[in-house]
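For reference, the structure is listed below as structure tokens.
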Amino acid sequence: MRDTFLNACKGIKTDYTPVWFMRQAGRYMPEYQKIRQKYDFLTMCKTPEIAAEVTLQPVKILGVDAAILFSDILIPLEGMGIKIEFTDDKGPQVYPTIKTSSHIKFLKEIELDLVYYVFQTIKILIKELEVPLIGFAASPFTLATYIIEGGSTKDFINTKRFMFSEPEGFHKLMKIFTDSTIKYLKEQIKAGVHVVQIFDTWAGILSPFDYEIFVKPYVKKIIDSINKVPVIYFCSNTSGLANNLKDLNANVLSIDWKIDMKDATDLFKYHALQGNLDPLTLLGTEDELFKRVKKILIHGRLAKAHIFNLGHGVNINTSVDILKKVVDFVHEFKTMEV
Ligand code: CP3
């Protein structure tokens, strides 16, 4: 197996910078669309042969250094008594919603049998892959925003109302998600994933003070309970939360583009870093794009170890050719003059 990515996760400096992209499997890719025309997204996630095939697409087409399990952060809710649906217009829909403490009874700790297809997909993949496989889960807070709001939101009013009016109930919710996430990730590791990533897409909507109270203890518990494989923690608003993230025991911090890579290497000396290209630079000219890619790579050399990635997922309008050019550029950069 190509182990450059795994070494970087362990904080070992590598002879070239490994690269993969968050949301590297998806609708921007014609090969994905071809399968997606026949099946809805949930069916794809729940059919191990299809999920495995789609996981492999970016590895074969782009030549990235890691595969990420094709699934979704909301899938574990299916094992917790909650129904999920993905609609083309409104995105994910979750029900019943949990808007107050009195609704917590709708949620039960995860039953792994109900999401067996996730572990089956992993078992198929580890036989076929030549690069490491990343498993994943959302952080309890990010998952909670979906179950409280009932889907995606821009203002998080229900989440914050719950949090600030019934903090004890909110902590109870976090605890259920934390225990279930640990079980869920450990089963992915048992099935064979080489690394896990925790997605904290929405933690950045909180003040550092509230991050400490409502997010960090639970993320910390998850990270500290995973000791067989490296852990990547992805959190939005890295710059605003920098002081809060410093002492997390994750092997890798995945950072967004709102912090300069050089500043990040000063702040996070003991973590390997993953990131941090603005995904929308991929929609501009190659000249503008590669100026930024190069800058990130140069500064990434100052990190304990660096994995090139975006600061968030690939946008649907991205060209496959451009992404492939970025992969080749990152791989060849080691020999370039700086
Ligand atoms: O390639 C990969 O990265 C692996 C698969 C993956 C998906 N979602 C597939 C997906 C991963 C790791 C995720 C994580 C995820 N899902 C996050 C965290 C990362 C992030 O992007 O912030 C979040 C917030 C979700 C929730 C979610 N899933 C939303 C809001 C949506 C709808 C909007 C959108 O981007 O399409 C999804 C759907 C989804 N998840 C798709 C894919 C490929 C599109 C499904 C389709 O084909 O219609």
Side-chain angles (χ1 to χ4, degrees), residues 19-47 50-62 64 66-78 82 84-94 117-118 121-122 125 131 133-147 149-154 156 159 181 184-185 188 193 195-205 232-238 254-257 274-275 279-280 309-318 320 323:
V19 47
W20 70 281
F21 303 109
M22 287 191 271
R23 297 289 283 270
Q24 62 190 10
R27 286 171 299 186
Y28 76 96
M29 204 178 249
E31 290 79 359
Y32 174 91
Q33 289 285 13
K34 215 170 141 200
I35 300 177
R36 179 70 170 80
Q37 271 155 20
K38 283 194 263 173
Y39 308 96
D40 62 74
F41 174 62
L42 262 188
T43 304
M44 288 170 72
C45 292
K46 291 183 183 184
T47 314
I50 298 176
E53 183 183 344
V54 177
T55 303
L56 293 170
Q57 284 179 343
V59 180
K60 291 179 183 156
I61 296 165
L62 304 175
V64 285
I68 180 158
L69 171 71
F70 186 77
S71 183
D72 197 85
I73 56 163
L74 302 179
I75 288 284
L77 292 176
E78 292 245 319
I82 303 292
I84 56 175
E85 239 176 59
F86 287 86
T87 62
D88 282 336
D89 49 341
K90 285 191 282 178
Q93 300 287 296
V94 173
Y117 45 84
V118 170
T121 306
I122 295 170
L125 280 166
V131 294
L133 178 62
I134 305 167
F136 67 88
S139 85
F141 177 77
T142 288
L143 204 51
T145 66
Y146 286 94
I147 204 175
E149 304 289 344
S152 300
T153 173
K154 285 199 167 70
F156 300 89
T159 307
T181 302
Y184 181 58
L185 285 175
Q188 291 186 33
V193 300
V195 173
V196 295
Q197 175 155 324
I198 300 164
F199 283 92
D200 218 345
T201 307
W202 301 123
I205 64 150
I232 305 172
Y233 179 57
F234 164 71
C235 179
S236 56
N237 186 18
T238 327
S254 194
I255 62 175
D256 66 21
W257 59 94
Q274 174 173 280
L280 299 189
N309 204 319
L310 309 175
H312 199 188
V314 177
N315 178 274
I316 187 170
N317 301 302
T318 308
V320 174
L323 271 184

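We use all heavy atoms of the structure for the numbers below, so side chains are in, but hydrogens, waters and symmetry mates are not. Read the numbers this way: they start at 1 and go in the same order the structure lists the ligands and their atoms. If you're wondering where the values come from, they're calculated on a predicted model, not measured in any experiment.
- Salt bridge K60/E31: absent, no basic N to carboxylate O contact under 4.0 Å.
- Protein heavy atom at the shortest distance from atom 20 (C) of ligand 1 is H312 NE2, 3.1 Å.
- Not a single heavy atom of F234 sits under 4.0 Å from any atom of ligand 1.
- Across all non-hydrogen atoms, the minimal contact from R23 to Y28 is O-CE2, 3.9 Å.
- Proximity of the aromatic rings of F70 and F41 is defined here by a centroid distance below 6.0 angstrom, and this criterion is met.
- Near I68, the atoms of ligand 1 lying under 4.0 angstrom from a non-hydrogen atom of the residue are 1 (O), 2 (C), 3 (O), 4 (C), 12 (C).
- Ion pairing between D88 and R27 fails under the 4.0 Å rule for side-chain N and carboxylate O.
- Of the polar atoms of T201, at least one N or O is found under 3.5 Å from an N or O of ligand 1, judged by distance alone.
- Relative to atom 32 (C) of ligand 1, the option among P92, A67, G151, S236 with the closest non-hydrogen atom is P92.
- From the protein, the heavy atom lying nearest to atom 48 (O) of ligand 1 is R36 NH2, 2.8 Å.
- A donor-acceptor pair under 3.5 Å is absent between the side-chain atoms of T121 and the main chain of A52, judged by distance alone.
- Neither the backbone nor the side chain of M44 has a heavy atom within less than 4.0 Å of ligand 1.
- Shortest contact from atom 12 (C) of ligand 1 to any protein heavy atom: F136 CZ, 3.4 Å.
- Put simply, the side chain of N309 gets close to the backbone of M22: a donor and an acceptor are under 3.5 Å apart.
- Between A25 and ligand 1 there is a heavy-atom distance shorter than 4.0 Å.
- The nearest heavy-atom contact from the protein to atom 10 (C) of ligand 1 is F41 CZ, 3.3 Å.
- At the top of the distance list for atom 4 (C) of ligand 1, counting protein heavy atoms only, stands L69 O, 3.4 Å.
- Ranked by closest heavy atom to atom 9 (C) of ligand 1, the top entry among S71, G26, A51 is S71.
- Atom 43 (C) of ligand 1 has its closest protein heavy atom at Y32 OH, 3.5 Å.
- Looking at ligand 1, you won't find any N or O of Y146 less than 3.5 Å from one of its N or O atoms.
- For a threshold of 3.5 Å applied to N or O pairs, the pair formed by S152 and ligand 1 contains no separation below that value.
- Here the closest non-hydrogen pair linking P92 and L74 is CB-CD1, 3.4 Å.
- Summarising the contacts of atom 28 (N) of ligand 1 with L74, D72, D88, T87, the nearest heavy atom is found in D72.
- Using a non-hydrogen distance threshold of 4.0 Å, I73 registers as a contact of ligand 1.
- Remark: minimum distance from atom 36 (O) of ligand 1 to any protein heavy atom is reached at R27 NH2, 2.3 Å.
- Shown here for D200 and T142, the closest heavy-atom pair between the two residues is OD1-OG1, 2.8 Å.
- Heavy atoms of R23 found under 4.0 angstrom from ligand 1 belong to the backbone as well as the side chain.
- Using a 4.5 Å heavy-atom threshold, the side chains of S71 and F136 count as touching.
- Inter-residue side-chain proximity for C235 and F199 is flagged as unmet; no heavy-atom pair is nearer than 4.5 Å.
- Not one N or O on the side chain of Q24 forms a donor-acceptor pair closer than 3.5 Å with the backbone of V314.
- Residues L62 and V320 approach most closely at CD2-O, 3.8 Å, considering heavy atoms.
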